[in-house]
Amino acid sequence: APDGGMDMIEAIDSKGTRAQAQINIVEKAPIYLNPGGGIIRHSPLHFEAQTAANCTWEAMVDSTSIAVNSMVDGRAWFEVSFGADGGTDGKYSVTATVFCQGGRSSTTTTEFTLDRQPPPPPTILSPTPGSALDGGDVIVTGTADPSAMVEMMVEPTKYYTSAMVADGGSWTGSFYGLPSGEHLLMARSVDVAGNASAPTPGINIFVWNGTSAPLKAWPDYLMLPPMGAQQLRAVGGAPPYNWTLDSTASGATLSPSGFT
């Protein structure tokens with residue numbers, strides 16, 4: 001029968017009862033390879049493969065042969081380093097071939113792009129630094145590389161959210177239920193390979209009438225070098241806030257710009 005053909009056979013017992021069996025004619029050896037291609041940021045890359053039992057494997061990256069570890073049950077695995085010195089960004093082809101009994105063979109090729117370059121940081125357009133916002137639901141807008149997505153975080157509450165970037169480079173994200181108080185908003189871009197940009201400079205925002213939460217000073221523990229300075233924030237409670245220096249053995253002072 002040709003490849004892809006099918007035969008049916010029957011077993012008939014002495015009482016005339018019949019049982020059928022289906023036979024599929026497969027000329028090519030089955031082949032499965034994982035991962036199956038795409039944009040990656042790690043090299044070397046580990047591959048797992050599967051075919052019929054008692055088959056042999058060959059693998060190549062572009063025109064270079066790769067050692068394959070194989071088992072008699074048809075499983076195999078190998079590692080591919082894309083380029084020299086742990087990898088060079090660019091496009092690569094990985095080809096795997098199996099040879100099985102009866103002269104059967106199959107080949108599969110997958111395409112990979114190694115990309116380890118982080119995207120540029122996004123730009124936050126709103127809210128602007130120093131914004132006083134009424135309510136705990138905050139909408140953030142900005143621009144970024146259209147091939148990336150944007151991840152956002154606010155300190156000290158560590159609320160996280162993300163936003164997809166439109167083709168024109170604009171994005172919009174939302175935080176829901178932020179507590180009243182002073183927050184530091186930051187964002188970063190992450191591309192399809194998983195490379196992350198540096199975070200944006202922090203933007204100070206003040207939320208009025210947000211979600212109720214216990215009063216918290218942030219950071220609540222810090223170590224400063226001599227003549228160092230640190231900005232402190234308060235979240236929760238009932239703003240506005242007043243700061244006092246309860247005790248000091250170092251001669252530290254409070255100022256509107258922070259603890260020094």
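Both backbone and side-chain heavy atoms feed into the values below; hydrogens, waters and symmetry mates do not. Fair warning: this is a prediction, and the values are worked out from it, not measured in the lab.
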Given the rule that I, L, V, M, F, W and Y join up when any side-chain heavy atoms are under 4.5 Å apart, are V192 and F112 in one cluster?
no
Residues forming a ring-ring contact (aromatic ring centres under 6.0 Å, His included) with W208, sequence neighbours excluded
F206
In the structure I gave you, are the side-chain heavy atoms of V154 and L178 within less than 4.5 Å of one another anywhere?
yes
For S93, enumerate each residue passing the side-chain hydrogen bond (donor to acceptor under 3.5 Å, both in side chains) test, keeping only those at least two apart in sequence or located in another chain.
E111
Result of checking V165, T172, T161, T200 against V150 for side-chain contact (heavy atoms from CB on, under 4.5 Å):
V165
Single-linkage hydrophobic cluster V140~V235, side-chain heavy atoms < 4.5 angstrom:
no
Please answer whether the main-chain N or O of P179 pairs with a side-chain N or O of T211 as donor and acceptor at a distance below 3.5 Å.
no
Please, which pairs that meet disulfide bond (SG atoms under 2.5 Å apart) have at least one residue in residues 94-207, sequence neighbours excluded?
C55-C100
Distance-minimising heavy-atom pair for N195 and R41:
OD1-CD, 3.4 Å
Under the criterion side-chain contact (heavy atoms from CB on, under 4.5 Å), I'd like the reasoning laid out for V207 against H183: C-alpha separation, chi angles, the key distance, then a yes or no.
CA-CA 8 Å; V207 174; H183 299 270; 3.6 Å; yes
Partner residues of Q20 under the side-chain hydrogen bond (donor to acceptor under 3.5 Å, both in side chains) criterion, sequence neighbours left out
E10
Pairs flagged by salt bridge (charged side-chain N to carboxylate O under 4.0 Å, His left out) wherever residues 63-83 is involved - sequence neighbours left out:
D73-R75
Test side-chain contact (heavy atoms from CB on, under 4.5 Å) on L215 and Y241 and set out the steps.
CA-CA 10 Å; L215 179 62; Y241 308 111; 3.5 Å; yes
How long is the straight-line distance from NZ of K91 back to CD1 of I39, given to the nearest 0.5 Å?
9.0 Å
Should V94 and M60 be regarded as members of a common hydrophobic cluster, given that ILVMFWY residues are connected when their side-chain heavy atoms come within less than 4.5 Å of each other, either directly or indirectly?
no
Could you work out, with side-chain hydrogen bond (donor to acceptor under 3.5 Å, both in side chains) as the rule, every residue matching N204, not counting sequence neighbours?
R233
Measuring only between side-chain heavy atoms, which start at C-beta, is P119 closer than 4.5 Å to V190?
no
Contact check, side chains of T110 and L33, non-hydrogen atoms, under 4.5 Å
yes
Could you please spell out the steps behind the side-chain contact (heavy atoms from CB on, under 4.5 Å) verdict for F82 and I40?
CA-CA 11 Å; F82 298 99; I40 58 173; 3.5 Å; yes
Heavy-atom count around I139 CD1 within 6.0 Å, excluding the residue itself: above 12?
no
Determine, for D89 against R116, whether the closest basic-nitrogen to carboxylate-oxygen distance falls under 4.0 angstrom.
yes
I'd like to know if I124 and L133 are part of one continuous hydrophobic network [Ile/Leu/Val/Met/Phe/Trp/Tyr, side-chain heavy atoms within less than 4.5 Å].
yes
Would you please name every residue forming a side-chain contact (heavy atoms from CB on, under 4.5 Å) with D220, sequence neighbours left out?
none
Is there a path of hydrophobic side-chain contacts, each under 4.5 Å between heavy atoms, that joins I203 and M153?
no
May I ask you to check whether over 12 heavy atoms, not counting those of D167, lie within 6.0 Å of atom CG?
no
Going by the rule ring-ring contact (aromatic ring centres under 6.0 Å, His included), which residues pair with F175 if we only count those two or more places apart in sequence or in a different chain?
none
Under the side-chain contact (heavy atoms from CB on, under 4.5 Å) criterion, do L125 and T123 qualify, and how do the steps go?
CA-CA 6 Å; L125 299 179; T123 299; 4.0 Å; yes
Inspect the surroundings of CZ in F99 and state if more than 12 heavy atoms from other residues, nucleotides or ligands are less than 6.0 Å away.
yes
Are F78 and F47 close enough that their ring centres sit under 6.0 Å apart?
yes
Disulfide bond (SG atoms under 2.5 Å apart) contacts in which one or both residues fall within residues 151-199, not counting sequence neighbours:
none
Which pairs count as side chain to side chain donor-acceptor pair (under 3.5 Å) when at least one residue sits in residues 45-64, sequence neighbours excluded?
none
Is there any ring pair (Phe, Tyr, Trp, His ring centres under 6.0 Å) pair reaching into residues 151-173, and which pairs are they, with sequence neighbours excluded?
none
I'd like to check T113 versus Y92 (side-chain heavy atoms, cut-off strictly below 4.5 Å). Are they in contact?
no
Does anything in residues 130-155 form a side chain to side chain donor-acceptor pair (under 3.5 Å)? List the pairs, not counting sequence neighbours.
S126-T141, T128-S131, D134-N209, D145-S147, E151-R188, E155-K158
Decide yes or no for T97 and T95: does some side-chain heavy atom of the first lie under 4.5 Å from some side-chain heavy atom of the second?
yes
